[in-house]
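Below, chains carry the letters A, B, ... as their sequence lines are ordered, and counting in each starts from 1.
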Protein chains: 2
Amino acid sequence: MGRGSSVLTRENGPQPADFADVRATNLAVVLRHLRTHAPCSRADIAATTGLNKATVSSLVTDLIDRRLVREVGMTENRIGRPAVMLVLDGSPYAAVGLEINTDYLTAVALDLAGERLLSWRRAFTGTAGQPGQAIAALAALARRTVSKLSHDGRRVLGLTVAVPGLVDADGVVELAAGLGWQRVDVRKSLLAALGEPGYPLLVENDANLAVLAEQRLGDQSGAGDLVYLTGGASIGAGIISDFRLLRGARGFAGEFGHLPLDPAGPACGCGRRGCLEAYAGVGAVIRRALPDVGIETALSPSEFGPHMDEIQRLAKSDDPHVLAALTETGGHLGHGIAILANLINPACVVLGGYFTELAPWLIPAASSELAARSAAADSGGTIIVASALDSSAAAAGGATRVLDAIDAGLLPTPR
Amino acid sequence: MGRGSSVLTRENGPQPADFADVRATNLAVVLRHLRTHAPCSRADIAATTGLNKATVSSLVTDLIDRRLVREVGMTENRIGRPAVMLVLDGSPYAAVGLEINTDYLTAVALDLAGERLLSWRRAFTGTAGQPGQAIAALAALARRTVSKLSHDGRRVLGLTVAVPGLVDADGVVELAAGLGWQRVDVRKSLLAALGEPGYPLLVENDANLAVLAEQRLGDQSGAGDLVYLTGGASIGAGIISDFRLLRGARGFAGEFGHLPLDPAGPACGCGRRGCLEAYAGVGAVIRRALPDVGIETALSPSEFGPHMDEIQRLAKSDDPHVLAALTETGGHLGHGIAILANLINPACVVLGGYFTELAPWLIPAASSELAARSAAADSGGTIIVASALDSSAAAAGGATRVLDAIDAGLLPTPR
DNA sequence: CTTAGTTCGTTTACCGTCCCAACTAAAGAC
DNA sequence: GTCTTTAGTTGGGACGGTAAACGAACTAAG
């Protein structure tokens with residue numbers, strides 16, 4: 001392949017192009033077309049993409065050699081020569097995503113077509129401030145996952161780890177409040193623990209990965225401007241703008257939970273006052289909706305689930321106090337989303353995590369608050385929806401990230 | 001040239017690549033290298049970019065044919081064969097940027113190397129709600145500018161209009177509160193008024209263009225994550241993230257002035273309460289710093305200049321009331337910038353417009369507020385600086401935008 | 001002055017990729 | 001059975017980047 005990145009970009013530094021780049025780009029074009037339009041024929045691809053029929057034939061041959069694409073039969077009952085239908089060949093490859101969170105580890109594997117191969121979840125007694133143990137557990141899960149996939153005859157194309165915290169470009173976790181981590185080089189440690197595996201291993205913020213999953217696997221698939229809000233122990237935003245993840249200069253973009261709303265507001269776990277999280281975080285929601293939960297009691301992450309289930313149950317039975325609490329929470333959330341909408345103008349904000357199941361009660365209040373606080377008419381077109389994915393969104397996003405790299409032209413070598 | 005965009009991208013839709021794209025990419029690589037490293041030789045370019053010497057020769061010949069590059073003499077007193085030095089040829093082309101604002105029109109033209117060819121400013125008695133007249137005045141200015149450049153033997157490569165308001169992707173101004181505009185198709189009207197000129201004509205938000213100017217011409221040249229804040233009648237943010245303008249789904253990103261801070265805050269011109277603009281906008285600054293200016297009096301944009309000069313004079317003479325007012329303003333600005341920093345994590349926030357001259361007094365307070373409210377340590381690396389450009393930043397950015405298109409590979413045809 | 005060494009830029013041959021047009025292939029339509 | 005229609009392949013041509021060899025133009029040193 002070419003000199004550096006295999007796809008031509010319009011970025012800053014001089015990045016010359018050669019034929020290998022053209023080839024990689026066009027292979028990726030065919031692959032992406034097949035992902036969204038499969039099954040279809042070579043002629044279809046040529047007509048839709050504008051590539052020449054001969055070029056498509058050559059590209060498809062190449063993709064079949066790499067076992068990325070498979071022929072699956074022919075069209076029938078149509079005038080003219082029958083077409084050979086093509087699909088992505090899921091079978092020989094797998095993309096892996098892992099998530100580490102305060103109280104669980106998750107592993108998800110997808111095949112090339114985005115079909116879920118496995119989805120494991122493991123309770124995890126948070127080893128606060130003990131990154132070593134957590135990484136060992138993560139490595140064990142990774143090994144089990146990779147081994148299962150290898151046993152099924154699949155080659156792992158890459159592995160991405162989701163971490164709820166600030167992750168820099170080199171895979172170092174600068175800060176993960178929920179885990180009690182600071183400056184932990186997860187990528188390096190995990191690479192060592194796995195014995196320098198051959199596939200690419202990356203570490204990324206959980207919200208960033210969740211938004212990738214939502215873009216590819218959720219209802220918003222294909223959206224170019226999209227935000228995902230995690231509703232876990234903290235509130236993070238994964239932002240896709242113009243089809244690209246927004247990371248910021250140091251990779252710290254999307255710190256939604258600690259948006260400073262009101263310097264005189266309630267105390268936040270981060271030591272400041274008036275953070276959005278203090279208004280709309282899971283802890284705030286529970287305390288507001290369930291008066292029985294003492295203010296003084298520190299909530300442990302493992303208690304969130306039962307409490308949230310209880311809130312949902314009460315909301316379903318139209319408990320007035322809970323409904324009012326959710327309306328208030330939705331309003332605060334809408335306030336934060338309005339800030340987001342004014343700055344980023346996404347087409348859609350997806351409520352994830354614990355927000356997902358409460359979405360029916362949160363969204364009306366949030367939407368009206370958003371409308372009231374948007375500079376642009378019609379909220380600038382931003383809508384708020386519930387996530388279509390479950391709590392494995394971040395892990396699924398980790399696998400998605402691997403697939404995105406394939407789609408961008410980083411194809412696996414023929415053998 | 002190729003099928004669509006002339007540069008290969010990794011974007012969503014299938015965008016096949018062919019030879020023309022490779023050529024355009026490499027021509028642009030040479031051009032960009034020459035822009036930043038001129039004067040230099042063919043051999044330098046080949047060594048630095050990684051392109052083959054023969055390829056560079058071919059590319060340079062092409063660029064010389066297009067009159068984009070010029071040979072400018074030889075190296076001396078060096079061992080080995082002397083090298084022919086190359087520079088960008090500024091002379092045959094020009095890029096034009098126009099700005100319309102509440103009380104003035106501006107025209108700026110740059111040559112290919114970014115040197116300023118002309119810089120015109122014209123007082124403009126705001127024709128509120130009369131877009132027709134404003135566009136006629138704009139067209140007249142455009143005609144004069146283009147005619148002057150043509151008279152100097154220059155070909156206009158493109159023209160971009162900066163408008164202080166929400167501009168969609170088609171050049172329609174959805175809303176420009178300061179101008180009293182709503183749904184004005186500036187691009188179409190101006191194209192008609194200019195008789196469908198041959199060069200590309202675009203309309204863009206003023207803050208978006210100013211940040212482009214800051215990136216290319218200002219102190220932050222080359223930065224990939226950068227925000228520019230306009231300090232005019234309203235506060236807009238132009239955001240560059242990962243080397244690209246952040247526009248949002250409908251092009252409405254960067255509505256910084258109407259960030260909703262406090263629902264119980266002071267009334268804002270937009271009809272809401274507690275917008276950042278109501279705390280840190282020019283009007284708020286003037287009223288806070290100059291008690292003589294009555295609260296009831298509506299400030300007209302043409303009064304801003306004298307008032308701000310007065311504030312600056314008083315600040316220089318250490319007037320305690322003005323210093324306190326600026327510190328308070330800087331704090332509010334820092335609050336807003338903290339929100340920005342938490343969501344976008346830029347490397348740098350540039351204070352433009354009227355903020356520029358007050359920056360020495362605003363920045364300390366803003367920086368400490370930013371530090372106090374940032375989730376990431378060290379404010380996530382975000383620093384606040386004063387703009388190095390004058391009030392023509394947006395217009396200069398319009399011209400810059402044209403140069404960016406050239407740098408991205410959209411070269412003018414040989415004749 | 002001559003020779004060696006260095007660097008620049010071009011020339012030449014080559015290769016890979018895409019495009020076009022012509023071709024073969026395989027079905028239904030009449 | 002022939003014609004029409006559509007699918008996919010083949011061969012030729014063009015283009016552009018690569019590599020190595022070459023001539024050009026200079027300095028350094030004997």
[N] phosphate, OP1 or OP2: any side-chain N/O from [X] under 4.0 angstrom?
| X | N | answer |
| --- | --- | --- |
| A/Arg78 | C/dA27 | no |
| A/Ser57 | D/dG8 | no |
| B/Asn26 | D/dG16 | no |

Send over the distance from [X] [atom1] to [N] [atom2], rounded to a whole Å.
| X | N | atom1 | atom2 | result |
| --- | --- | --- | --- | --- |
| B/Leu86 | C/dC8 | CG | P | 12 Å |
| A/Leu27 | C/dC18 | CG | P | 8 Å |
| A/Leu51 | D/dG8 | CG | C1' | 15 Å |
| B/Arg42 | D/dA25 | CZ | P | 14 Å |
| A/Asp18 | C/dC14 | CG | C1' | 15 Å |
| B/Asp21 | D/dA14 | CG | P | 21 Å |
| B/Phe19 | D/dG17 | CZ | C1' | 10 Å |
| B/Met74 | D/dT27 | CE | P | 12 Å |

Report the residue (A/Leu59 or B/Asp44) whose heavy-atom-nearest nucleotide on DNA chain C is the more 5′ of the two. B/Asp44
Regarding [X], tell me which of base, sugar-phosphate or nothing describes its non-hydrogen contacts under 4.0 Å with the strands shown.
| X | answer |
| --- | --- |
| A/Val56 | nothing |
| B/Ser58 | nothing |
| A/Ser41 | sugar-phosphate |

side-chain contact (heavy atoms from CB on, under 4.5 Å) against A/Asp407, all qualifying residues, sequence neighbours excluded: A/Leu31, A/Arg32, A/Arg35, A/Arg216
Using side chain to side chain contact (heavy atoms under 4.5 Å, CB included), reason through A/Leu246 and B/Asp242 one step at a time and then give a plain yes or no. CA-CA 8 Å; A/Leu246 191 149; B/Asp242 200 11; over 6 Å; no
Between the protein and nucleotides 19-24 of chain D, which nitrogen or oxygen pairs are less than 3.5 angstrom apart?
from	atom 1	to	atom 2	distance (Å)
D/dA19	N7	B/Asn52	ND2	3.2
D/dG23	N2	B/Arg81	NH1	2.4

With the side chain defined as heavy atoms from C-beta on, A/Pro82 is closest, among C/dC18, C/dA27, C/dC8, to C/dA27
Nearest-nucleotide wise, let me know which of A/Thr61 and B/Arg23 is further upstream toward the 5' end of DNA chain D. A/Thr61
A/Arg116: what forms a side-chain hydrogen bond (donor to acceptor under 3.5 Å, both in side chains) with it, not counting sequence neighbours? A/Ser119, A/Ser392
Within the side chain of [X], is there an N or O that forms a donor-acceptor pair under 3.5 Å with the backbone of [Y]?
| X | Y | answer |
| --- | --- | --- |
| A/Arg154 | A/Ser91 | yes |
| B/Asn26 | A/Ala17 | yes |
| A/Asn208 | A/Val211 | no |

CG-CZ distance between A/Leu34 and A/Arg42, expressed to the nearest 0.5 angstrom: 10.0 Å
